[in-house]
Amino acid sequence: MNLRISAWNPFSLSAVIASHGWASLAPFETNEEHTELRYVARLSTDRVAELTIHQAGDGVIVAVNDALSDGEQAEVKDQVRWMLGLEQDFSDFYTLVRDEPRLAHVIERAQGRVLRCPTLFEDAVKTILTTNTSWGGTIRMVEGLVSRFGQPLPANPARRAFPIPEQLAAVDESSFRSAEGLGYRAPYVLELARAVASGNLDLESLRTTDAPTDELRQQLLAIKGVGSYAAANLLMLLGHYNFVPVDSWARKMVSYEWYDGETVGQAEVEAAFEGWGEWKGLAYWFWDWSYGGEA
DNA sequence: GGTAGACCTGGACGC
DNA sequence: GCGTCCAGGTCTACC
């Protein structure tokens, strides 16, 4: 069955898919051209279905490999709206970047949206698994969690949904640590899963809270394994762009761009984008580093 | 508040 | 093939 969902325009599905590496982390899949996004979704009814998303007209069309009830269709639409940020409005950002050569491309390419998972829990676990490791390590760890603990897709058991907190909360830490290769991150993921599963942490409420960004950031920093980089990354996914996710790559890029290759720290990266105010994070995210510089 | 060391893994490198 | 070194953020202990 097919579901059609409209988007705030301009909208580009391929821009969302290419916004960062999330599309290559299980249970996401995409094609080389970034024109198709697939995701194995787990619905609140426990149904597992594969969503195949293409751009169509002023929005997207979602092909589902199963017949869904009305309630399930509504849930899938909500998940896709959130994942693709279909209702996000970037007109203020576009007005600001119009005269900045390093950012003017975002208007033409309809950039601004950052691909996210249906739940903040999944985004938080994946973000923790990006820290202190290579991108290949992140892919391997996420794939390990999904393939071992995720609920299988009935039509193709090789494809699985991302495990829910309850599934991860029941895992023994030592097997988690070794079998999934999470290493010292295992207790962080486990503690987060157990806090969410027990109801002690209502992570999903942070997606819709009206709390100011600083307060939101403090709540994210209270999660073990989430430091300043991970918190800024999660804030970006939540639509708060006041902080730059400063990692080694950011320091390297800012160093080449403004400091003649000299070593720079978090303060210099933050300062470089200070002028972009509440859009600081997005300005960094979509900055064209290749513009006469070295990547 | 700032800093050093530990955490874990994979990849690069030298032998 | 084996051993060593390094990169990648966060936490904790210490000053």
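Below, chain A is the first sequence line, B the second, and so on; all start at residue 1.
In this structure, Leu182(A) atom CG and dG8(C) atom P are separated by 20 Å, rounded to whole Å. As a whole-Å value, the separation of Met141(A) CE from dG9(C) P is 12 Å. In this structure, the CZ atom of Arg140(A) is 8 Å from the P atom of dG11(B), given to the nearest Å. Regarding Arg185(A), its CZ atom lies at a distance of 14 Å from the P atom of dC7(B), rounded to whole Å. Distance CH2 (Trp135(A)) to C1' (dG9(C)): 15 Å, rounded to an integer number of Å. Rounded to a whole Å, the CG atom of Leu234(A) is 13 Å from the C1' atom of dG9(C). Tyr184(A) has its OH atom 11 Å from the C1' atom of dA7(C), to the nearest Å. Rounded to a whole Å, the CG atom of Asn132(A) is 13 Å from the C1' atom of dG5(B).
Using a 4.5 Å heavy-atom threshold, the side chains of His105(A) and Asp288(A) count as touching. In this structure, Thr213(A) and Leu238(A) have side chains that are not in contact, with every pair of non-hydrogen atoms separated by 4.5 Å or more.
Here Thr133(A) lies in heavy-atom contact (under 4.0 Å) with a base. Across all strands shown, Ile223(A) has heavy atoms under 4.0 Å from sugar-phosphate atoms exclusively, and none from any base. If you check every strand for non-hydrogen atoms under 4.0 Å, Gly181(A) touches sugar and phosphate atoms only.
Cation-pi contact between Arg113(A) and Phe11(A): absent, since separation from the ring centre below 6.0 Å together with deviation from the ring axis within 45° is not met.
Under 4.0 angstrom from either OP1 or OP2 of dT10(C) there lies no side-chain N or O belonging to Thr131(A). OP1 and OP2 of dG8(C) both lie 4.0 Å or more from every side-chain N or O belonging to Thr130(A).
Here the two rings, on Trp82(A) and Tyr39(A), have centers that are 6.0 Å apart or farther.
With hydrogens and angles left out, the side-chain atoms of Asn233(A) and Thr127(A) include a donor and acceptor closer than 3.5 Å.
When each of dC8(B), dC11(C), dG8(C) is scored by its nearest atom to the side-chain atoms of Tyr188(A), the top-ranked nucleotide is dC11(C).
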